[in-house]
Enquirer: 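One structure, pasted below without further comment.
Bear in mind the structure is a predicted one, so any value in this text is a computation, not a measurement. Hydrogens, waters and symmetry mates play no part in the numbers below; they use all other heavy atoms, side chains included.
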Number of protein chains: 2
Amino acid sequence: MKKTIVVFSLLILAILLLFQFSKYTFISNNLQIEIVIGIIAIAFFFIGIYINKKSLHKTDTPSVEINMKKIEELGITKREYEVLKKISEGLSNKEIATILFLSESTIKTHVSNILVKLDAKRRTQAIQIAKSLQII
Amino acid sequence: MKKTIVVFSLLILAILLLFQFSKYTFISNNLQIEIVIGIIAIAFFFIGIYINKKSLHKTDTPSVEINMKKIEELGITKREYEVLKKISEGLSNKEIATILFLSESTIKTHVSNILVKLDAKRRTQAIQIAKSLQII
DNA sequence: GTCATTTTGGCACTAAAGTATGAGTTCCTT
DNA sequence: AAGGAACTCATACTTTAGTGCCAAAATGAC
């Protein structure tokens with residue numbers, strides 16, 4: 001950002017100098033002044049593009065907002081959502097059970113409910129659907 | 001895009017008119033010309049930002065570059081890669097077999113090879129790994 | 001044409017995943 | 001305190017998934 005400000009300032013200075021220079025050499029020539037204005041217009045046009053591109057690249061967060069509303073809409077509970085996230089991490093039912101201090105049976109129940117709520121036939125499809133709905 | 005061009009053209013016209021107007025009213029006042037130039041500079045600066053934003057929104061491709069090099073590195077073959085993509089779409093082995101006109105046995109073979117090459121224990125983990133490696 | 005790799009696929013088997021049903025517990029709300 | 005939703009777990013069963021081993025075509029490079 002500091003760099004941008006410096007570049008920007010230098011450009012303004014250069015344009016002002018250009019203007020001052022033209023004022024004393026072509027003061028009587030209106031056509032010349034129009035050319036100077038044209039150059040300035042084009043220059044600032046590209047400066048605008050450049051700065052915008054820079055700032056956009058900074059905020060180029062690929063973070064996908066999680067659609068909480070959708071989760072509620074689908075009636076997915078807290079526990080089910082926890083399990084869903086673990087599924088998307090590629091964990092098995094047994095592994096999820098161990099991590100959440102539950103039995104594998106419980107995880108199976110949760111998974112079954114998740115599949116119904118997401119209208120999926122398999123856990124892999126549930127991952128795909130959940131991602132397309134931006135809930136994980 | 002047509003709209004942008006029209007807006008752009010109208011702005012240029014307005015600025016030229018402003019310039020012409022100022023030329024006949026404040027022709028002797030250099031300070032006034034400087035102000036006009038400043039206005040033009042600011043105007044084109046924002047035009048640049050506006051147009052850039054428009055064009056960027058059009059090419060707002062959330063496309064994550066697929067790491068072909070990584071696929072080769074892992075020794076994943078064409079057929080295996082096809083199967084991997086189908087897995088990530090949440091399809092079962094039987095469904096993949098139907099789509100690719102192969103037997104389920106063949107798909108199982110491919111899946112097993114994929115799991116070894118991606119160092120995954122399950123297809124769900126393979127999806128997660130493949131995504132983190134940006135190969136799907 | 002030969003050799004290595006890829007692709008295909010079968011069979012037998014084990015391991016996970018998923019379904020169905022039922023039931024006890026906890027927690028929140030009215 | 002009663003009712004409902006959420007959470008927990010079990011048992012029995014069916015369906016997928018995944019492994020190991022083998023082997024025949026097909027493909028492509030040298």
Enquirer: Got a salt bridge between Lys85(B) and Glu82(B), using NZ or NE/NH1/NH2 to carboxylate O under 4.0 Å?
Expert: no
Enquirer: Side-chain contact, heavy-atom cut-off 4.5 Å: Leu84(B) with Leu118(B)?
Expert: yes
Enquirer: Apply the test side chain to side chain contact (heavy atoms under 4.5 Å, CB included) to residues Arg79(B) and Leu102(B): give CA-CA distance (whole Å), side-chain angles for both, the deciding distance (0.1 Å), then the verdict.
Expert: CA-CA 11 Å; Arg79(B) 217 39 164 169; Leu102(B) 297 173; 3.9 Å; yes
Enquirer: Main chain of Thr109(A), side chain of Ser112(A): is a donor-acceptor contact present, judged purely on distance under 3.5 Å?
Expert: no
Enquirer: Is there side-chain contact between Ile66(A) and Met68(A), with at least one heavy-atom pair below 4.5 Å?
Expert: yes
Enquirer: Rounded to the nearest Å, what distance is computed from the CD1 atom of residue Ile114(A) to the P atom of nucleotide dA6(D)?
Expert: 13 Å
Enquirer: Side-chain heavy atoms nearer than 4.5 Å, only ILVMFWY residues, links allowed to pass through others: does that put Leu74(A) and Val116(A) together?
Expert: no
Enquirer: For residues 122-136 of chain B, dump all side-chain donor-acceptor pairs below 3.5 Å to protein atoms at least two apart in sequence or in another chain.
Expert:
from      : atom 1 : to        : atom 2 : distance (Å)
Arg122(B) : NE     : Gly90(A)  : O      : 3.1
Arg122(B) : NH2    : Gly90(A)  : O      : 3.4
Arg122(B) : NH2    : Glu95(A)  : OE1    : 2.8
Arg122(B) : NH2    : Glu95(A)  : OE2    : 3.3
Arg123(B) : NH1    : Leu91(B)  : O      : 2.9
Arg123(B) : NH2    : Asn93(B)  : OD1    : 2.1
Gln125(B) : OE1    : Lys121(B) : N      : 2.9
Ser132(B) : OG     : Ile129(B) : O      : 2.8

Enquirer: If the cut-off is 4.0 Å, is Arg79(A) near the phosphate of dT8(D), judged by side-chain N/O to OP1 or OP2?
Expert: yes
Enquirer: How bent is the helix from dG1(C)-dC30(D) to dT30(C)-dA1(D), measuring the angle between the end axes built from five pairs each, rounded to 10°?
Expert: 60°
Enquirer: Rounded off to whole Å, could you give me the NZ-to-P distance for the Lys78(A) and dA5(D) pair?
Expert: 16 Å
Enquirer: For Gly75(A) and Thr124(A), take the nucleotide of DNA chain D holding the closest heavy atom to each; which residue's nucleotide lies nearer the 5' end?
Expert: Gly75(A)
Enquirer: If you measure from the Lys or Arg side-chain nitrogens to the Asp or Glu carboxylate oxygens, is any gap between Lys69(B) and Glu72(B) under 4.0 Å?
Expert: no
Enquirer: Can you list, by residue number, the residues of residues 90-107 of chain B that have a non-hydrogen atom closer than 4.0 angstrom to DNA chain D?
Expert: Ser92(B), Asn93(B), Lys94(B)
Enquirer: Figure out the CZ/C1' separation between Arg123(A) and dT16(D), and round it to whole Å.
Expert: 12 Å
Enquirer: Shorter than 3.5 Å, N or O on both sides, protein versus nucleotides 19-27 of chain D: list them out with atom names.
Expert:
from    : atom 1 : to        : atom 2 : distance (Å)
dT19(D) : OP2    : Ser112(B) : OG     : 2.6

Enquirer: Using side-chain heavy atoms (C-beta onward) and a distance below 4.5 Å, is Asn67(B) in contact with Ile71(B)?
Expert: no
Enquirer: Mind checking the OG1-CD1 spacing from Thr106(A) to Ile96(A)? Nearest 0.5 Å is all I need.
Expert: 12.0 Å
Enquirer: Please list all pairs passing the salt bridge (charged side-chain N to carboxylate O under 4.0 Å, His left out) test where one or both residues lie in residues 106-118 of chain B, with sequence neighbours left out.
Expert: Glu80(B)-Lys117(B)
Enquirer: To the nearest 0.5 angstrom, please state how far the CD1 atom of Ile107(A) sits from the NZ atom of Lys94(A).
Expert: 13.0 Å
Enquirer: First and last nucleotide of DNA chain C touching chain A, 5' to 3', heavy-atom cut-off 4.0 Å?
Expert: dA16(C) to dT19(C)
